[in-house]
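This is a predicted model, so every value here is computed, not measured. The sequence lines fix the lettering, A, B, ..., with proteins before strands; numbering per chain opens at 1.
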Amino acid sequence: MEVSLSINGEVRSFDVEPRTLLVHLLRDHAKLTGTHVACETSICGACTVLLDGQAVKSCTVLAVQADGCEVTTIEGFAEDGKLHPIQEQFWEKHGLQCGFCTPGMILTAYQLLERNPDPSEAEIRRGIDGNICRCTGYQHIVDAIQAAAVELGKK
Amino acid sequence: MIPSAFEYLRPETLEEAIRLLQENSEEAVLLAGGHSLIPILKARLAQPGILIDISRIPGLKGIGREDQALLIGGMTTHHEIESDPEVNEVCPLLAETASLIGDVQVRNRGTIGGSLSHADPAADYPATLIALDAEFVVTGPDGARSYRAENFFEGPFDTAMEENEILTSIIVPAPQGKIGGAYCKAAQQASGFAVCGVAVTVMLSDNGQIEFASIGITGVSASPYRASGVESALTGQAPTAETIEAAADRATEDIEPIEDLYGSAEFRGHLARVWTKRALEQAVKMAGS
Amino acid sequence: MAKAPAAPKFIGSPIKRREDPKLLRGLARYVDDIDLPGTLHMAIVRSSFGRAGIRSVDINALTDLPGVVAVYTAADLEGVGPVPVSGLVPDARVPVQPVLANKEVRFAGEPVAAVICETRYGAADAAALVDVDFEPKEAVVDLEKALAPGAPKVHEDYDDNVAFNWELVGGDVEKGLAEADVIVKQKIVNGRVVPLALETRGVLASYDPGEEKLTLWSSTQVPHKLRTHIADQIGMAENRVRVITPEVGGGFGSKLNIYREEALAAYISRDLGRPVKWIESRSENFLATIHGRGQMGEVEMGLMKDGTLIALRYTVLADCGAYYQYLTVAIFTLTGLMIPGPYKLPNVEMKVTGVFTNKIATDAYRGAGRPEATYVLERIMDIAAAEIGMDPAEIRRKNFPAKSEFPFATAAGLSYDSGDYAGALDKALENAGYADMRREQVEARKEGRYLGIGLSTYVEVCGMGPSAALGGQGWESARVRVEPGGKVTVFSGASPHGQGQKTSFAQLVADGLGVDINNIEVIHGDTDTVPFGVGTFGSRGTVVGGSAVVIACDKVKEKMARYAAMKLEADASDIEFAGGKVYVRSAPEKSADFAEIAGLAYSAMELPPGTDPGLEETHFFEPPNFTFPFGAHVVLAEVDPATGDVKILRYVAVDDVGNQINPLLVAGQIHGGIAQGAGQALEEEILYDTGGQLINGSLMHYSLPKAGLFPRFELDHTTTPTDVNPLGAKGVGEAGTIGSTPAVVNAVVDALSPFGVRHLDMPVRPERIWRAAAAKGEQG
């Protein structure tokens, strides 16, 4: 069936089976492979995208449920090729190693800072508990989000 | 982890949704936020022929206030509940409980109606909604009727709802007075579901005695339940440490705790008593302050 | 031996990673992101039983299914060789592991058939319709029961379930134990855990019938090993197979293996003449990617009343699984080599009995045998300290070799390169405020709070080589080329997957050649492009691979100096490299940039005496010894005996990894390692039921550490360089994991000491803690 949605600001239509998961629409149909699949049980958050501005696990959303919605993926997160302050700080603070969790982690961090611009360390740790990173032990990720909060606060 | 094929329907009204359910009752299931259903479909533990998406039906979503109660639409998300100013003011216990469900992404999508209808015996809401004496309004071909929260759950993934009924709203009473509430949870390490979740509301009278105590417990038994023995041991009593401890010891009276990966029956029973005691202590403190 | 540059500008600096921008923007390409036209999708039909006969495989239901191209069963793959194994011990029984099971399946998840379909969804549908008629048999799960007389056998061809016997003996343990004042003993289980790289395994095979060449994109740590073995398995010449590792989403040892699906995809792509892609699902990853650890043993240690260690014996059953993967057996022997740990232990003995069970193989998981050794040793050290009434820090310090005693020969036969173990411990205790912590612990107990302090001091064997000690391939390769335009390209045989060597290798070369780091490109993970290499595992990427880069760089430099000398009319020994130029040291006004020199070398119109054209040099670095990083970790934890909840309040680590190329990356490695080790201590364990079904095979059920489990890690270092390689670096990939597991468990056990608890098996989950405390009650 036909699904029409705005992806990173561009309205696109796809003819997909109703069972198509949003993450597969993005990766296999829209060819945006920055969104990753890692756990398939809505635990790890590697597939996180913004759906109408809210962080969701796109492996647990049907493409048809996103019909008419706005989706932001990691590819649409840097504006005009310039890294978003969150991306910038993940880089500065070494908040990524293998990079597989990173797109989802960044979009969750965005949601966290949007709702709580000045989070404590404990709030950050709790705010990213829907995202698993197996490489970093999270400390540099927490550092990056704290630093991004400071950067965003300056704007 | 790919679902088997199904047909997808998205009715625009409640009436249409009920009609579609009636016409396809053999093979249709309701889809709300999808956070209980889609994982099951992906694991192919269920292979329904039709999904009826009720998440966009106007009127099923949102939070309102009616006299001394909150009225919450079934399609309201956990995030909407945890962040709603009115819920936080009138019923902080419910907001707190919603904030402890899953993670931020899950709370952005998952709905209260979907969660309750799914009736996972380790879900968080049931304990709190039992403690809050909530009513669940369901609508079917013959109109609407309601259940008290504690009568709604009939076993793991089983509710008292009839075929072709939809959980449309939840009514949460918000009595005035010296009220305190607490939700304490021992969580499964992987998923955050409750190994034992205890929700408590207590009201103190002007002389400091317990006017009533209401306790809901989830995760411990095949269905969430009201800990009536604890309640009756507290009513009319002064909330001393001894009284609370003795009452909490009755948390698993007439209950057969379940056993799984996350805990033996013995451990669950123990946790129920410990967390009932601690939740009562917190709630009493809050009510008295 | 070559020397590191005198005044490093990049080496030792916390430079942010050059590989990050594409990862941050979602533009990096992992295997599943590669999209070749005409790609077919493979889904695997797997055993749903721990042990069963296969009566038949019925594919009739697939006949009319749209998009199904082919189905392969064992009968279709008779020419395909079995899964390769390595690192065996003498007299090991080596079962043949076919790429598809034929008459019998031996673990839940074992591949039985491969379904090939035009689409990913179609392949999943088709695989679900393949009807395998299994004849379930009694499974072998428990290690002790596996060895009991009359136990069912994993392999009917063998007399019993013993896979191998191996022992390591140094000194005379019997005599040592007889002389000891005190003997402590403990049964210790180190359960199975999953490595769980966030990117599952995946492979894309594309056979080009015109070129008669096969290209394999695989999420692997060892591209060259994969090429060698796949070529062998499917009967192709090695130089007609190209393996590319695109971006790899973590490995932790699990991708240091050659798996069945890689051979299947390769063979089927050649058979059908189309690209074939297989991406592992997470549930498959739990079932059919190697597990780590899997030891169940008893440790016995003899010591004097003053704390001097005399002898240690570790007798252990090793859970091999049904077949070996690449290094299954070798991992257990690494435990033996490191069983004396950082202590002077003159008499040691480890006896291993490898046991076949109806499970996926165990193999290398971050630390690979060393965490197991450290765990056993650090647990028994605490038990011994309690037994003789000595502080856990004191008993450790008492038994360290002094700094002056290095190189230190151990009873297990290794020579530790360099160390200052007391220095690391003292620093960790100071940073932790150990004495204050102990006071705080006493005060808290008066308030009914249970704090525990856990120590672990460790040494690990790293930088895998040398070759002779590894049974071959302990070296690593690198090629450095100064391009005609003056830019520098580094080709490494190592194959990193998150470690950041595009940055750290560039740092080495930037200092080596005195050029800006942005002029350096590092290439790895393509067997057609880079020199023949070994791979990234055993904390060897920088230590061995980086050393190869440095020496190759020196060779290029030497040649470049000769061209510069010709151009600048100076002596080659008077040529200096700095600021992206070459200078004459005695006449600094005479200089040339890299492009000018490279132009001369590539045009070759005129050659310096005895010099060939070009500016490209290769080096294969063979390390003379292993390296031995070490450290001390201190954990403060609070335990609630009523609920069994554990909260880590502080985590203090001092790690000595020798010289650090990039401290930012070093910290990242240690953080991640600590989290993984603590995960096993507190949460992680794979569970099978008696029928061989994996019962917690998803992230809904198997708990991985999340951010909230940890406080801020307090890291520090001592620096004791090694002379085993030109970098003085010891390796850091596994240190955190090795140190953290025992430190966390020791803290929990220490917190429970008022209840008389002296040991708990991992993971120390709430119910275990509650039971231990409730069973004994507080003993004052």
Inset, instruction - Enter the distance from A/Gln139:CD to C/Glu714:CD here, rounded to the nearest 0.5 Å. - result: 9.0 Å
Legend entry - C/Phe252 versus chain A, the contacting section by heavy-atom distance below 4.5 Å: side chain
Legend entry - salt bridge (Lys or Arg N to Asp or Glu O under 4.0 Å) assessment of C/Asp125 paired with C/Arg120: CA-CA 9 Å; C/Asp125 292 342; C/Arg120 195 191 294 268; over 6 Å; no
Legend entry - For chain C, the option from A/Cys98, A/Gly137, A/Gly34 that forms the most heavy-atom pairs under 4.5 Å: A/Cys98
Inset, instruction - Identify which part of A/Arg27 has an atom lying under 4.5 Å from any heavy atom of chain C, answering side chain, backbone, both or neither. - result: side chain
Legend entry - Most contacts with chain A, counted as non-hydrogen pairs under 4.5 angstrom, among C/Pro711, C/Ala707, C/Gly498, C/Gly708: C/Ala707
Inset, instruction - Apply side-chain hydrogen bond (donor to acceptor under 3.5 Å, both in side chains) to A/His84 and A/Glu79, showing your working. - result: CA-CA 7 Å; A/His84 184 280; A/Glu79 280 181 25; over 6 Å; no
Inset, instruction - Quick one: pull up CD in C/Glu247 and CG in C/Leu23 and give me the separation to the nearest 0.5 Å. - result: 4.5 Å
Inset, instruction - Quick one: which of A/Glu88, A/His36, A/Glu17 has the most heavy-atom pairs under 4.5 Å with chain C, could you say? - result: A/His36
Legend entry - Portion of C/Leu665 that has a non-hydrogen atom of chain A nearer than 4.5 angstrom: both
Inset, instruction - Any chance you could measure A/Thr60, atom OG1, to A/Glu40, atom CD, to the nearest 0.5 Å? - result: 10.0 Å
Inset, instruction - Find the distance between CD1 (C/Ile290) and CG (C/Leu256) and round it off to the nearest 0.5 Å. - result: 8.0 Å
Legend entry - Option in C/Gly679, C/Gly500, C/Ser281 with maximal non-hydrogen atom pairs under 4.5 Å from chain A: C/Ser281
Inset, instruction - Give the member of C/Ser698, C/Pro705, C/Ala675, C/Ala28 that has the highest number of heavy-atom pairs under 4.5 Å with chain A. - result: C/Pro705
Legend entry - Approximate separation, where rounding is to 0.5 Å, of A/Ile106 CD1 and C/Arg25 CZ: 11.5 Å
Inset, instruction - Using non-hydrogen atoms and a 4.5 Å limit, figure out which bit of C/Tyr30 sits close to chain A: side chain, backbone, both or neither. - result: side chain
Legend entry - Most contacts with chain A, counted as non-hydrogen pairs under 4.5 angstrom, among C/Asp32, C/Ile279, C/Ile15: C/Asp32
Legend entry - Top contributor to chain A contacts, counting heavy-atom pairs under 4.5 Å, from C/Ala197, C/Gly668, C/Gly250, C/Gly673: C/Gly668
Legend entry - Heavy-atom contact with chain A under 4.5 Å, split by part of C/Ile674: neither
Inset, instruction - Run the salt-bridge test on C/Lys502 and C/Asp20 with the 4.0 Å N-O cut-off and return the result as yes or no. - result: no
Inset, instruction - Using non-hydrogen atoms and a 4.5 Å limit, figure out which bit of C/Pro496 sits close to chain A: side chain, backbone, both or neither. - result: neither
Inset, instruction - Would you mind checking which part of C/Gln669 comes under 4.5 Å of any heavy atom in chain A, side chain (CB onward), backbone (N, CA, C, O), both or neither? - result: both
Legend entry - Ring-ring centroid check C/Tyr121 A/His24, cutoff 6.0 Å: yes
Legend entry - Proximity breakdown for C/Asp33 and chain A, heavy-atom pairs closer than 4.5 Å: both
Inset, instruction - Report the distance from atom CG of A/Leu22 to atom NE2 of A/His29, rounding to the nearest 0.5 Å. - result: 11.0 Å
Inset, instruction - Side chain from CB out, backbone as N, CA, C, O: work out which of these in C/Ala667 comes under 4.5 Å of a heavy atom of chain A, or both, or neither. - result: both
Legend entry - Residue part contacting chain C, namely of A/Leu21, when any heavy atom lies under 4.5 Å: both
